[in-house]
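Predicted model only: the values in this text are computed from it and were never measured.
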Amino acid sequence: MGGRGVTFNLAARQPIGVMVVDDHPALRAGLRSLIDSDPALRVLLEVGSGEAAYAEYRAQRPDAVVMDLSMDGFGGIEAIRRIRLLDPQAAILVYSVHNSQVLLERALEAGALGFVTKGSKVDTLLKGLKKIARGESFVSDDMLPALMSRYRTSAAHQFKQLTQREFQVFKLLSEGHTLPECASILHLSSKTVSNHFTQIKAKLGVSSPAEMARMAIRQGLVEP
């Protein structure tokens, strides 16, 4: 198994135990093959949802986590937040198809140590895993401009007005979920979700989920 004190694992030449989180079985299999090809890394387990990621992290405490963001349920960012609350030293590397500055910012705020896009070279992911396992931060080259300008872009500042929970509701609505579905996915009351919806509209200056979807598409948060 994994465990705390990854530095000692590296010194003893023991592989870094990794949990892979992605809702596509074929991609998980590909990641397992890639990660296991590096003697310094070893996949301990793979799961397909944020909920499962939290439960399995609690049970097995891997040394590092590769986390997708776009999954059914409460998604990757909420999984990162919950895992970091459970273990403030958790080493989590986002591996996402999106190269959005907003998602980068949200992931880092939730507690991720790194962000690699799925369009990066294969060895970038391996390098990132070793970095975060040592407690260091890491982003792929194509995300460096977003990292450098994360506090300068007006759109990113606009989204910074949202709380983590409001951002979750915004993302779900942008993906086409209804308010009752948001409440079910996030395990919240309909009234609470409705209140979040009201706050989102006021903070972002939008009036409907359709406008939210258009804003999310422009910022690369959801696919058109």
Side-chain angles (χ1 to χ4, degrees), residues 19 21-24 47-59 65-88 90 92-112 115 146 150-151 153-224:
M19 176 170 70
V21 187
D22 197 289
D23 61 352
H24 291 92
V47 297
S49 70
E51 289 88 341
Y54 175 75
E56 291 298 334
Y57 188 94
R58 186 180 188 119
V65 179
V66 178
M67 180 76 69
D68 187 27
L69 296 182
S70 300
M71 297 179 287
D72 290 338
F74 58 58
I77 289 177
E78 177 66 6
I80 294 168
R81 188 187 71 80
R82 295 191 187 194
I83 289 172
R84 287 282 291 194
L85 283 174
L86 175 70
D87 177 10
I92 304 173
L93 179 70
V94 171
Y95 190 51
S96 175
V97 69
H98 301 292
N99 62 351
S100 162
Q101 178 178 332
V102 175
L103 284 181
L104 170 66
E105 185 166 332
R106 286 289 167 173
L108 296 179
E109 287 177 351
F115 196 112
R150 62 183 292 213
Y151 294 115
T153 303
S154 60
H157 279 296
Q158 193 175 22
F159 280 106
K160 276 181 70 66
Q161 299 178 76
L162 302 183
T163 65
Q164 284 283 9
R165 187 67 81 187
E166 287 167 355
F167 183 77
Q168 286 179 304
V169 173
F170 169 83
K171 185 104 170 17
L172 289 171
L173 290 171
S174 300
E175 292 170 349
H177 293 284
T178 64
L179 287 173
E181 288 171 344
C182 291
S184 176
I185 290 169
L186 298 174
H187 305 294
L188 299 173
S189 69
S190 296
K191 182 178 180 181
T192 298
V193 170
S194 181
N195 289 339
H196 286 319
F197 183 42
T198 299
Q199 289 298 315
I200 293 165
K201 289 188 291 183
K203 291 179 179 181
L204 298 184
V206 295
S207 60
S208 68
E211 287 188 42
M212 292 181 190
R214 287 193 289 271
M215 179 180 284
I217 290 170
R218 285 196 300 271
Q219 293 302 315
L221 299 176
V222 297
E223 295 180 5

Validation row: [X], [Y] side chains within 4.5 angstrom (heavy atoms):
{"X": "Glu175", "Y": "Leu172", "value": "yes"}
{"X": "Leu173", "Y": "Leu179", "value": "yes"}
{"X": "Val47", "Y": "Met71", "value": "no"}
{"X": "Leu188", "Y": "Arg165", "value": "yes"}
{"X": "Leu186", "Y": "Glu78", "value": "no"}
{"X": "Leu69", "Y": "Ile80", "value": "yes"}
{"X": "Leu221", "Y": "Phe167", "value": "yes"}
{"X": "Arg214", "Y": "Val206", "value": "no"}

State, to 0.1 Å, how close [X] and [Y] come at their nearest heavy-atom pair, and which atoms those are.
{"X": "Phe115", "Y": "Leu93", "value": "N-CD1, 3.6 Å"}
{"X": "Val94", "Y": "Ala107", "value": "CG2-CB, 3.8 Å"}
{"X": "Ser70", "Y": "Asp23", "value": "O-OD2, 3.5 Å"}
{"X": "Thr192", "Y": "Ser189", "value": "OG1-OG, 2.8 Å"}
{"X": "Ser174", "Y": "Met212", "value": "OG-O, 3.4 Å"}
{"X": "Leu162", "Y": "Phe170", "value": "CD1-CB, 4.3 Å"}

Value rounded to 0.5 Å, distance of [atom1] in [X] from [atom2] in [Y]:
{"X": "Glu56", "Y": "Ile83", "atom1": "CD", "atom2": "CD1", "result": "10.5 Å"}
{"X": "Asp87", "Y": "Tyr57", "atom1": "CG", "atom2": "OH", "result": "3.5 Å"}
{"X": "Ser49", "Y": "Asp68", "atom1": "OG", "atom2": "CG", "result": "11.5 Å"}

Hey, is the main chain of Phe74 close enough, under 3.5 Å, to the side chain of Glu51 for a donor-acceptor pair?
->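 Yes, Glu51 side chain to Phe74 backbone: donor-acceptor pair under 3.5 Å.
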Counting only N and O atoms by type, is there a donor-acceptor contact under 3.5 Å from the side chain of Thr198 to the main-chain atoms of Ser194?
->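 Yes, Thr198 side chain to Ser194 backbone: donor-acceptor pair under 3.5 Å.
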Check whether more than 12 heavy atoms from other residues, nucleotides or ligands sit under 6.0 Å from atom CG of Asp72, and answer yes or no.
->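 No.
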Scan Lys160, Arg81, Arg84 and name whichever one has a salt bridge (Lys or Arg N to Asp or Glu O under 4.0 Å) with Glu109.
->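 When Lys160, Arg81, Arg84 are each tested with Glu109, the salt bridge (Lys or Arg N to Asp or Glu O under 4.0 Å) holds only for Lys160.
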Using a strict cut-off of less than 4.0 Å between a Lys/Arg side-chain nitrogen and an Asp/Glu carboxylate oxygen, indicate whether Lys201 and Glu211 qualify as a salt bridge.
->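 Salt bridge: no.
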Could you verify whether a donor N or O on one side chain and an acceptor N or O on the other, from Tyr95 and Asp22, lie under 3.5 Å apart?
->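 Judged by distance alone, the side chains do not pair up.
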Mind checking what makes side chain to side chain donor-acceptor pair (under 3.5 Å) contact with Lys203, not counting sequence neighbours?
->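 Checked Lys203 against side chain to side chain donor-acceptor pair (under 3.5 Å); matches are Glu166.
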